[in-house]
Amino acid sequence: MENPDIASVFLEIADLLELKGAEIFRVRSYRNAAVVVEGLPESLKALYAQGGEAALKGIPGIGESTRGRIIEMLQTGGCALHAELLAEVSPGMLDVIKVSGLGPKKAASLHEKLGIKDLNGLEEAAAKGLIRELPGFGKVSEEKILRGVKELKSRARVFTRSYAAHVAVSYAAYLKEGAGISDIAAAGSFRRWKETVGDLDILAACQDQPSVMERFVQYPDVKEVLSKGGTKSSVVLKSGLQVDIRAIEKKSFGAALQYFTGSKAHNVALRERAKKMGLKLSEYGVFSEKDGSWLAGEKEEDVYAAVGLPYIAPELRENRGEIEAALEGRLPALLKRSDIRGDLHVHTTESDGTNSLEEMAEAAMKLGYEYMAVTDHSKAVGIARGLDEARILSQMNVIDEFNERLKRQKKKFIVLKSSEVDIRADGTLDHSETVLRKLDIVVASVHSGFNMKEEEMTGRVIKAVRTGFIDIIGHPTGRLLGEREPFHMDMASVMDEAKKYGTALELNSSPERLDLNDSHCMLAKERGVLVAVSTDAHSTRHFGNIEYGVHTAMRGWLEKKDILNARPLASLLRILKKRRQGR
DNA sequence: GCCGTTTTCGGCCCGACTGTTTTCAGTCG
């Protein structure tokens, strides 16, 4: 069992306990433990294998009881409490509480009074008009349940951040046309740059809040209005994306932005801190507990300052130690877009790219880059017209000539001869040593045999690293968000080996990949492995994706010094040369 | 179930909206 598996068991335990009517704080502990486990950079399995129970101590939010259950799951692959609860509560009820408007109390009442066990039973009872007869329910809620079930059965759960970005821009422009809005921002997981978003939160500072609500629900793409109040409303768009809005006075914009950016765990920690300081923190501002006087709220910075903290970047707000770090003055000086000096993963028309070497180089120069590595595929990736030995040798000549031309034109830019070499199933590389030795930089990636067992895949990649030829491991887990799960590989072992050989790991910035993810970045930093933030650009348009990589790196607490391609050219070449001498 | 610069017991973030109620519980973020 890996961290996500353990987290989902904890989430289900929380839901099941809640359905049983267990004490809410016990429920919350399991829910919190799930969030903590999900966000851990280290694999619990690996930690436990190395250090036993002692290695699992000191994780905030994981106490004696949940630690015991984690160990149980690691040892047996299951959890007795979870199994017991599933036997007691109909598993189908886990779906019932996901219906919008239904929580544990109402679900339990439906179960008790009508014998409802799952979504289908719920739908049937609602269709027959049985639900409206129950105390606490009525005709309106019955109809809402019916719609909710249909919605749940059809809706895609998560959206890529890039889609949400598109909606955010259009919606904001539309709302502003209605006038009277002084500030508008998208908050939530979107602002924290999570790789996927469940819904979009919009915050608007304005005088006439009801009229903004009115305009909000009139947006042409709205399929359904979930709720509409004087300051807060929710809609579902035709695409299925839920959008929430909150209108607020300018005076409270910073506090509201802080609040609606989350994460929930970060906010709870912040509010607890405020409370201990004799303050009250809400979306309206920071108030004195004593006399209720308003202390701060117009700017986010002011809110943090009022609770005695420096500003914490949204990317860090996951309650993964950022508040403690802020208190102790050890917040990272996060990587910035402008720190990136070049792109080390770029395709051209020679393999499966859509722009030529010249066009890609032009685009990279326009971004102010100093270098770009051309990393066309090797022959194993036939579908992408991978290069065989003759073709890559000829490409090297073309690049040499191109660089000569740049030099004559006094351009401060260089194209690095490279390849995205396939790591074959047996861990060998898909170019000969002769070719590999001639390249300036080598990116190596797995493109086949994704279904290997963990030990096999780990062995495969480690064997490739041990050839000593790999400068960067490309998209290390092979995942495609919403399409393909990451393959099974012991990341910590791979990183330890990479560290020995001076090999960096790529953070592939494609919004569908983001591979490494944020937790892996934290792990890389801890293990002392450099990260290359690259775009894997297959066209000039893709260079802009670097933004996604940079923000993911920020979520992983990475700084300029942790990034291979934040080095100026001379320094990059020094690192590569030193690595080659060591092989 | 977790946790400790008020605490090893007794707390545990804060507020809006909805639908069903006549003052609020449940749900949601």
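Chain A is the first sequence line, chain B the second, and so forth, proteins listed ahead of strands; every chain is numbered from 1.
- Considering only the side chain of A/Glu272, B/dC12 comes nearest among B/dA16, B/dT18, B/dC12.
- Separation of the A/Tyr284 and A/Tyr259 ring centroids does not fall under the 6.0 Å cut-off.
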Just do the salt bridge (charged side-chain N to carboxylate O under 4.0 Å, His left out) check on A/Asp518 and A/Arg192 with the steps written out, would you?
-> CA-CA 12 Å; A/Asp518 55 350; A/Arg192 302 200 310 280; over 6 Å; no
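- If you take atom P in B/dG26 and the same atom in B/dT21, they sit 13 Å apart, rounded to whole Å.
- Looking at heavy-atom distances under 4.0 Å, A/Pro60 makes contact with sugar-phosphate atoms alone, never a base.
- A residue-by-residue look at A/Leu281 and A/Lys105 shows that A/Leu281 has its nearest nucleotide of DNA chain B further toward the 5' end.
- Across all strands, A/Gly188 comes closer than 4.0 Å to no nucleic acid atom at all (heavy-atom distances).
- No contact: A/Ser233 has no heavy atom under 4.0 Å from any strand.
- The side chain of A/Lys228 has B/dT18 as its nearest neighbour among B/dT18, B/dC14, B/dT27.
- For B/dT20, the base is not stacked against the aromatic ring of A/Phe137, per a cut-off of 5.5 Å between centres and 30° between planes.
- When both distances must be under 3.5 Å, the Watson-Crick or G-U wobble mate of B/dT8 does not exist.
- In this structure, the nucleotide among B/dC14, B/dC12, B/dA16 sitting nearest to the side chain of A/Lys232 is B/dA16.
- With A/Asp118 contributing its side chain and A/Asp95 its backbone, the two residues share no donor-acceptor pair below 3.5 Å.
- In this structure, A/Glu23 reaches the bases: a heavy-atom distance under 4.0 Å links it to at least one base atom across the strands shown.
- At distances below 3.5 Å, at least one donor-acceptor pair connects side-chain atoms of A/Ser263 with backbone N or O atoms of A/Arg317.
- Taking atom CG of residue A/Leu134 and atom C1' of nucleotide B/dG19, one finds them 14 Å apart after rounding to whole Å.
- Atom NE2 of A/His266 is separated from atom CZ of A/Arg271 by 11.0 Å, given to the nearest 0.5 angstrom.
- Using P as the reference atom, B/dC12 and B/dT6 are 15 Å apart when rounded to the nearest Å.
- Closest to the side chain of A/Gln242, from the set B/dC13, B/dG19, B/dG29, is B/dG29.
- In this structure, NZ of A/Lys275 is placed 16 Å from P of B/dG4, rounded to the nearest angstrom.
- A donor-acceptor pair under 3.5 Å is absent between the side-chain atoms of A/Asp201 and the main chain of A/Ala187, judged by distance alone.
- The same atom, C1', is picked in B/dG1 and in B/dT5; the two are 23 Å apart, to the nearest Å.
- One atom, CZ of A/Arg273, and another, P of B/dT5, lie 12 Å apart when rounded to the nearest Å.
- Of the residues near DNA chain B, A/Lys276 and A/Arg69, the one whose nearest nucleotide (by heavy atom distance) lies more toward the 5' end is A/Arg69.
- Nucleotides B/dA16 and B/dT20 place their P atoms 22 Å apart, quoted to the nearest Å.
- Checking B/dC13, B/dT20, B/dC12 against the side-chain heavy atoms of A/Arg271 singles out B/dC13 as nearest.
- Atom CZ in A/Phe260 sits roughly 12 Å away from atom P in B/dG15 (whole-Å rounding).
- At the heavy-atom level, A/Val99 lies under 4.0 Å from the strands shown only through sugar-phosphate atoms.
- Within 4.0 Å of A/Leu102, counting heavy atoms only, lie sugar-phosphate atoms of the nucleic acid but no base atom.
- For A/Glu485, the CD atom counts as loosely surrounded, since its 6.0 Å shell holds 12 or fewer non-hydrogen atoms of other residues, nucleotides or ligands.
- Between B/dC13 and B/dC2, the distance separating the two C1' atoms is 16 Å to the nearest Å.
- Taking only distance into account, the side chain of A/Tyr259 never meets the base of B/dG15 through a donor-acceptor pair shorter than 3.5 Å.
- Residue A/Thr66 is classed as a sugar-phosphate contact, given heavy-atom separations below 4.0 Å to backbone atoms only.
- Proximity note for A/Ser227 (side chain, C-beta onward) versus B/dT20, B/dT18, B/dG15: the nearest is B/dT18.
- Of the candidate nucleotides B/dG29, B/dG1, B/dA16, B/dA16 has the atom nearest to the side chain of A/Thr231.
- Rounded to an integer number of Å, the gap from A/Lys106 NZ to B/dT18 P is 13 Å.
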